[in-house]
Amino acid sequence: MNTIPIGRASFVLALLFTIGGVGAAIAQTLSYADAIEQLAAACGKDVQKYCRGVELGGGRLKACLDANQARMSPQCQQTRMMVYASIARRAAAQRDIGNICEADINRLCDTSHADAHLVECLLSVSPVAMSPACSQAFTDTGWRTERAQQ
Amino acid sequence: MIRHQIYAISALILAVAFTVAAADTRLSSGQITNSLAAVGDTPKLDLTAAQMRQAVQDNIRNYPGAIPTRPLTFPQLANLAQFTVEINFDFNSASIRPESYRNVGAIADALHNPILLGYGFLVIGHTDSVGGRQYNVGLSQRRADAIVAALVDPFGVNPGVLQPVGMGEEQLRDPSHPTSGVNRRVQLINVGKKFCFGRSGEQFVCQ
């Protein structure tokens, strides 16, 4: 057995995200599209069985998956935790980046501009020039990888 | 033996062809972002969601029939940056089907892109012509509401920048095939800057 089975790999990934949730730094978050696609793939059958017709939004699907977790397939269990941790982490970073990076922005950027200019500035700055908290949060926003793909 | 090999190779080529086709049709958030990015300074939109809902009702009253005898148009929206996404729902329901979760996530990725930061969007739901027109207005409104609800939670989009509107079947994309699936769609329209942000990211209404 030289290769890690996919199931095992996603379990390790889930574990990393779980650990990340309680403090340690993780490499990066998933895009929302990739995250929720993984949930649909891993939990689609369980959703049809236990949460049929439950809406994705308003916290309803997550609540239903949480309530039925004992009955879910192991694959869905693991993916569900990883996916919602990644989504929450990215959303929090995108929401709080201005506060987390305030000192870095004042130090590194031309603050006569605001809005998207400040994100542009952070994109142009080397990650090592940023404080670790700001750099991690900026990575978590996904804006570095998104820009690299464009 | 040789024949088997040829079959195997053709199967392989077919598999590759299908993979490429599937990759091409997969919606990327970059496509949505680029299409929704405002071109220049958009003048302030002189049309509210409430006025659009009223126009839908007027269209049903003034042009009755199984399908609209005149399609509803909004000239104010024609030149605004927009993008149309296919999202599948359970039949007669506002529950988004799991195969469409990805597209909702891709919309969220786009709306969180710094280029679109602070812009407002109409989220317009359209149905096909199956079912009564009034019923379809309600159904498409509930579906547009459901998409907005998902964009807000779990995907963290600011609810203040989203306005859901149900258009029913008043703007069929393919009026000659009114029951066709191409009519069922969600349209996102950039209606201009809603919020500005200060130096530390604090949000306020633009002047």
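Convention: sequence-line order gives letters A, B, ...; per-chain numbering from 1. Worth saying up front: this structure is predicted, and the values here are computed from it rather than measured.
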*State, yes or no, whether a side-chain contact exists between B:H112 and A:Y32 at a heavy-atom distance under 4.5 Å.*
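Yes, side chains in contact.
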*If we only count heavy atoms from C-beta on, is the B:R26 to A:E37 side-chain gap below 4.5 Å?*
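B:R26 vs A:E37: side chains touch.
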*Picking from A:Q48, A:R90, A:K62, A:E55, which has the most non-hydrogen pairs under 4.5 angstrom with chain B?*
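That would be A:E55.
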_chain B interface, residue from A:C101, A:G58, A:G142 that has the most non-hydrogen pairs under 4.5 Å_ =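 Top count of heavy-atom pairs under 4.5 Å with chain B: A:G58.
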*asked:* Using 0.5 Å steps for rounding, measure from the CZ atom of B:F155 to the CG atom of A:L56.
replied: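 Rounded to the nearest 0.5 Å, the CZ-CG separation comes out at 5.5 Å.
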*Drop me the distance from A:Q94's CD to B:N158's CG, to the nearest 0.5 angstrom.*
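One gets 12.0 Å once the value is rounded to the nearest 0.5 Å.
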Leading residue by heavy atom contact count with chain A [cutoff under 4.5 Å; candidates [options]]:
options                        : answer
B:G156, B:P98, B:G118, B:S29   : B:P98
B:S100, B:P154, B:A149, B:P114 : B:P114
B:S93, B:A146, B:A94, B:S28    : B:A94

*Taking only heavy atoms into account, what residues of residues 101-109 of chain B are found under 4.5 Å from chain A?*
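Listed by number: B:Y101, B:R102, B:V104, B:G105, B:A106, B:A108, B:D109.
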*Select one option (side chain, backbone, both, neither) describing which atoms of A:D34 are under 4.5 Å from chain B's heavy atoms.*
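Both backbone and side chain of A:D34 come within 4.5 Å of chain B.
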*Contacting moiety of A:L61, where chain B heavy atoms sit under 4.5 Å*: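 When you check distances to chain B, only side chain atoms of A:L61 fall under 4.5 Å.
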*Any chance CG of B:N92 has more than 12 other-residue heavy atoms, nucleotides or ligands included, within less than 6.0 Å?*
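Buried by this count: over 12 neighbours within 6.0 Å.
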